[in-house]
Amino acid sequence: MPEFAEVELARRLWAAGLSMRITSVEAHPGTRIFRDGSARAIASALTGAELLASRAHGKRLLFTFSPPGAPGSSRAATHLEVHLGMAGRLFPAPAGYQAGRHDHLLLRGRSLALVFSDYRQFGRLVLHRDPDPWAALPPQPLDPGFNLPHLARLTSRQPRRALKALLLDQAAFPGIGNWMADEICWRLPCHPATPAGRVDPALLRRIARRVCRGAIRHVADRNAIRHGINGFSPGRYVEHVPPPAWLFRHRWKPGGRCPRCGSTLARSTIASRSTAWCPFCQPPQPPQA
DNA sequence: CATCATGTTATAAT
DNA sequence: CATTATAACATGAT
């Protein structure tokens with residue numbers, strides 16, 4: 001499920017445990033979540049550690065922990081990288097929370113527990129020992145480096161590539177997923193199969209940034225306020241969603257209509273993902289610049 | 001029972 | 001080599 005804004009929300013929810021010392025760790029071994037390492041290695045690295053920092057980049061999360069034991073220890077910090085896959089969630093829970101069937105990692109502290117839950121197990125947890133495992137990452141849509149020359153490079157690099165495929169490329173648009181990609185295409189407005197070379201890079205930059213900011217406001221900010229850091233209620237995945245003026249609210253409803261012109265939305269598979277668009281606002285474009 | 005789902009990756013095909 | 005399609009992953013909702 002998680003795209004840019006849901007990932008940011010997940011980061012904020014686990015940030016409820018900042019400066020908390022992990023007294024015990026429960027990690028279900030044998031699930032795919034730990035396929036890049038081992039549940040035991042994570043448990044032993046984090047037991048006794050303190051949560052120092054959290055970062056998010058695109059759909060990825062990085063939580064930094066002190067080395068287990070004394071604060072003055074010379075051992076390097078440990079980083080836990082989290083990817084939520086299609087159905088992963090992070091949430092804070094009461095200290096005595098009992099792990100459910102799909103809760104794969106619990107970090108227990110004195111006052112609360114941090115939980116990673118993922119019923120589909122497409123997510124993953126990876127341990128990093130490097131001082132900076134995120135040394136070189138592409139600019140995100142809201143970063144300063146996401147400027148016009150950068151966008152011009154993205155659209156001209158592979159001019160024949162479908163716009164939607166470019167939007168889903170995490171090296172180009174970190175954090176953009178299936179619903180945000182459709183939202184951006186709809187607002188441009190461009191048919192999702194439009195060749196990237198035909199898209200105005202300045203417009204693409206502006207709309208992508210606008211959709212990201214809106215998603216943060218509607219999905220991360222409001223849910224974080226509602227949950228509160230002491231609320232603990234994991235709640236449903238999305239309680240607050242973008243308003244009805246967004247394509248998001250209509251795209252999967254049978255007979256859903258374009259919020260702008262009222263046309264019945266079209267849908268089919270583009271860039272191997274199911275895609276919705278307005279046939280009137282986003283007519284197909286011939287593959288030529 | 002069949003289909004689909006806010007994602008990634010390995011592999012095959014073009 | 002580069003782009004694109006497909007299958008696989010595990011579970012729940014419709």
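Everything numeric here is computed off the predicted structure, so don't read it as measured data. Every chain is numbered from 1, with letters handed out A, B, ... down the list of sequences.
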Fill in the blank from the handout: On DNA chain B, more 5' by nearest nucleotide between His83(A) and Ser274(A) is Ser274(A)

Practice task
Measure from NZ or CZ of Arg251(A) to the centre of the six-membered ring of Trp186(A), then state whether that distance is under 6.0 Å and the direction lies within 45° of the axis.
Solution key: no

Exercise for the section: Give a yes or no on whether Arg157(A) atom CZ has more than 12 heavy-atom contacts from other residues, nucleotides or ligands under 6.0 Å away. Expected result: no

Exercise for the section: Check whether more than 12 heavy atoms from other residues, nucleotides or ligands sit under 6.0 Å from atom CZ of Arg260(A), and answer yes or no. Expected result: yes

Practice task
Strictly below 4.0 Å, heavy-atom distances to any atom of DNA chain B: list the hits from residues 203-213 of chain A, or just say none.
Solution key: none

Problem - Where DNA chain B forms stems, i.e. three or more consecutive Watson-Crick or G-U pairs with both distances under 3.5 Å - result: B:2-5 with C:11-14, B:7-14 with C:2-9

Problem - Heavy atoms of other groups near Arg35(A) CZ, more than 12 under 6.0 Å - result: yes

Completion exercise
DNA chain C nearest-nucleotide lookup for Arg120(A) and Ala271(A): closer to the 5′ end is Ala271(A)

Kindly give the atom pairs (protein nitrogen or oxygen, nucleotide nitrogen or oxygen) under 3.5 Å for nucleotides 9-14 of chain B.
none

Problem - Outermost DNA chain C nucleotides near chain A [under 4.0 Å, heavy atoms] - result: dT3(C) to dG12(C)

Practice task
Could you verify whether a donor N or O on one side chain and an acceptor N or O on the other, from Arg11(A) and Ser54(A), lie under 3.5 Å apart?
Solution key: yes

Enumerate donor-acceptor pairs with a distance under 3.5 Å from any side-chain N or O in residues 203-214 of chain A to protein atoms, sequence neighbours excluded.
| residue | atom | partner | partner atom | Å |
| --- | --- | --- | --- | --- |
| Arg205(A) | NE | Phe146(A) | O | 2.7 |
| Arg209(A) | NH1 | Pro141(A) | O | 3.1 |

Handout entry: ring-ring contact (aromatic ring centres under 6.0 Å, His included) contacts touching residues 22-52 of chain A (sequence neighbours left out)
Key = none

Handout entry: C1'-based separation of dT8(B) from dC1(C) [nearest Å]
Key = 23 Å

